[in-house]
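Each chain gets a letter, A, B and so on, in the order the sequences are listed, and its residues count up from 1.
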Protein chains: 2
Amino acid sequence: MTVTIKDIAKILNVSHTTVSRALNNSPLISDETKKRILETAKQLNYVPNYSAKSLVQNRSYNIGLFFSTITQVTSPGFFYETVRGVHSVITDNYNLVVNGIDNYKDFQSIDTKRFDGIILMSQSEKDNALVYHALDRHIPIVVLNREIADAGIVNILSADRRGAYHAVTHLIENGHVKIAIIEGEKGFQATTERKEGFLTALIDKQIPIHGDYIVEGNYTMESGYTAMKQLLRTSHPPTAVFSFNDEMAVGAMKAIFEAGLRIPQDISLVGFDDRQFSSYMTPSLTTVRRAISEVGRAGAKKLLSIIDNNDYVGQKVYIDTQFIRRESVGPAPNEQSK
Amino acid sequence: MTVTIKDIAKILNVSHTTVSRALNNSPLISDETKKRILETAKQLNYVPNYSAKSLVQNRSYNIGLFFSTITQVTSPGFFYETVRGVHSVITDNYNLVVNGIDNYKDFQSIDTKRFDGIILMSQSEKDNALVYHALDRHIPIVVLNREIADAGIVNILSADRRGAYHAVTHLIENGHVKIAIIEGEKGFQATTERKEGFLTALIDKQIPIHGDYIVEGNYTMESGYTAMKQLLRTSHPPTAVFSFNDEMAVGAMKAIFEAGLRIPQDISLVGFDDRQFSSYMTPSLTTVRRAISEVGRAGAKKLLSIIDNNDYVGQKVYIDTQFIRRESVGPAPNEQSK
DNA sequence: CTGAAAGCGCTAACAG
DNA sequence: CTGTTAGCGCTTTCAG
């Protein structure tokens, strides 16, 4: 049924080693024989048996793409962009295996034989267990989206802090002083980074920081809605809100409209990430684009090169964000007219 | 370094065959020995080498989840829900391998050794090549989302036609007569099904079908926007629009607002799928929920059972849709007041 | 119920 | 440059 190396060897009257060499582009073979072998291999539709290869080479041809969770991803867009970015680089001979960390009770089954390398889309320190498990087992691992202080780690990061700084600055330049934030989930590094960008911008521009203007969300639309309602209940509601992602911004929009207020005339709103839907909101959402698929792509490329060249060395790569100016930010309403 | 069956055998002074039997729950072994073996295996953190298993058993422990494309998925939500549904059922010993059909020049590498089974999220007949390739190679395959006439095929389907019928009926019951549709991509089965539901509803209720009210989209927000603009340009714009998915509905909303019209006072709008963002639109979007993750889950369960019991028999399973009534549909404006 | 022997398809020394 | 030999870790006959 299936064609093996031996079959080809028999037909061509060479040893199976020779065939193997030809198939793997070994230098230890004449162009002449190689050509002959490759030709009949193609003719016979030879497909390598990866299980056999794997067994002898002690590897798997599997690339693991891990998320903290797959069951309760907060943003489908985020998930999709990550997979897309990684997938675009993974070549034919690898299997892209998608997984959630929360599916494992322990990491025993994650070993060199199971994964040639791992890409981890990480949010918080909870994922460290996997990172160090991989390092311990000498499985090449690339950590996306969360900086790990350890210099030995390969990190692909989004420059969120700068992006947040930019967004907040834009609000300030529009005359806003009463600027609130809807934070993302506590413990997520993205949350910390974006908050730092926010705080730095306020400090730089000497805008006072107001405790009531800092409300917590968890990156879901629902939480953005709730958070915004809370902000609207304060005695002096903000004139501008920086939501730590677009999903929460959409939730906030709903709360604002329900309160009978207008965007941006009454309240300006800026999001983060730039989701598909953001430009289709009314008004369209000003936001900070984060090229997640780029992060995924860069991570996968790096991982593949590590596997191929067996040269794992810690490294931090930053992918820039991009400020996207749309309609949800306007000049601060002056107190008079209000 | 790694513990093998031989290691355990040596320690316990039994043959490796016996160990293998214990590990695989064979009946040909005494409970006594089995217990002893299992214990030391656990103690030693034994992890089976799947490459070796695969080689001898001529399988891979890979489950392939295929999409028509992964690069240009129209809806991240759709993608995510599918993966989530399938993933929730795939057990530890399988790898969930995600892939796009458009990544393959030919399907040579897709054989029994590479995939124990395939789940195909299918949109159109273009995917048939893969389906028949799998069937030909005796790879168990479950086709989601698109009915294939062939009785030999396992199909998990969403009852889109009924869902669309329900949605349109709801519009009619609200007094609408001038009902337009924004169709999805031509050739997609979902498009055909939803259109049939729409047409049947009109016919049943004796509402005339108007050619100008049938506009084509491709399931993207952008296309919904463009389509709606076109509808608004007609001499007698519709009072209600059924968009074949929520993404296009969002695009349509934007176009409607830009024209200075209100939803639902001037135009009622109903979508399909029920995306995360749909309930956060203002007004919130009335739609038909399609439980994609359920489709994925059911498909994966079925596939696993086929693999385990080696009993591939064609079957069609329908998953019901659910009408979600929100704010984007209102009574038809009467001509007078307009 | 247990063990000995063979072999899955491939790559990797080693020898020529 | 080519071939011979061995062996990866496991399951599966076949004998006992």
Inset, instruction - Answer yes when A:Arg59 and A:Asp116 have at least one side-chain N-carboxylate O distance shorter than 4.0 Å, and no when they do not. - result: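 A salt bridge links A:Arg59 with A:Asp116.
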
Legend entry - Basic-acidic side-chain contact under 4.0 Å: A:Glu39, A:Arg36: no

Please work out if [X] contacts a base, only the sugar-phosphate, or nothing of the nucleic acid, heavy-atom cut-off 4.0 Å.
X	answer
B:Asn58	nothing
B:Tyr50	nothing
A:Thr33	sugar-phosphate
A:Ile29	sugar-phosphate

Distance in angstrom units between [X] [atom1] and [N] [atom2], rounded:
X	N	atom1	atom2	answer
B:Tyr46	D:dG9	OH	P	10 Å
B:Lys34	C:dT2	NZ	C1'	15 Å
A:Asp31	D:dC1	CG	P	8 Å
B:His16	C:dC1	NE2	P	20 Å
B:Leu28	D:dT11	CG	P	14 Å
B:Ile5	D:dC10	CD1	C1'	6 Å

Any side-chain N or O of [X] below 4.0 angstrom from OP1/OP2 of [N]?
X	N	result
A:Thr17	D:dT4	no
A:Thr4	C:dG9	no
B:Lys53	D:dT11	yes
B:Ser51	D:dG9	no
B:Thr18	C:dG3	yes
B:Asn49	D:dC8	no

Inset, instruction - Identify, between B:Ser30 and B:Val56, the residue whose nearest nucleotide on DNA chain C lies closer to the 5' end. - result: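 Final value for this comparison: B:Ser30.
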
Inset, instruction - Would you kindly check whether a donor in the side chain of A:Ser20 faces an acceptor in the base of C:dA12, or vice versa, at under 3.5 angstrom? - result: no

Legend entry - Close aromatic pair by centroid cut-off 6.0 Å: A:Phe107 and A:Phe66: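 No - the distance between ring centres of A:Phe107 and A:Phe66 does not fall below the 6.0 Å cut-off.
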
Inset, instruction - Please answer whether the main-chain N or O of B:His16 pairs with a side-chain N or O of B:Ser20 as donor and acceptor at a distance below 3.5 Å. - result: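 Between the backbone of B:His16 and the side chain of B:Ser20 there is no qualifying donor-acceptor contact (under 3.5 Å).
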
Inset, instruction - Scan side-chain atoms only and decide if A:Glu147 and A:Tyr318 contain a donor-acceptor pair under the 3.5 Å cut-off. - result: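 Indeed, the side chains of A:Glu147 and A:Tyr318 share at least one donor-acceptor pair under 3.5 Å.
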
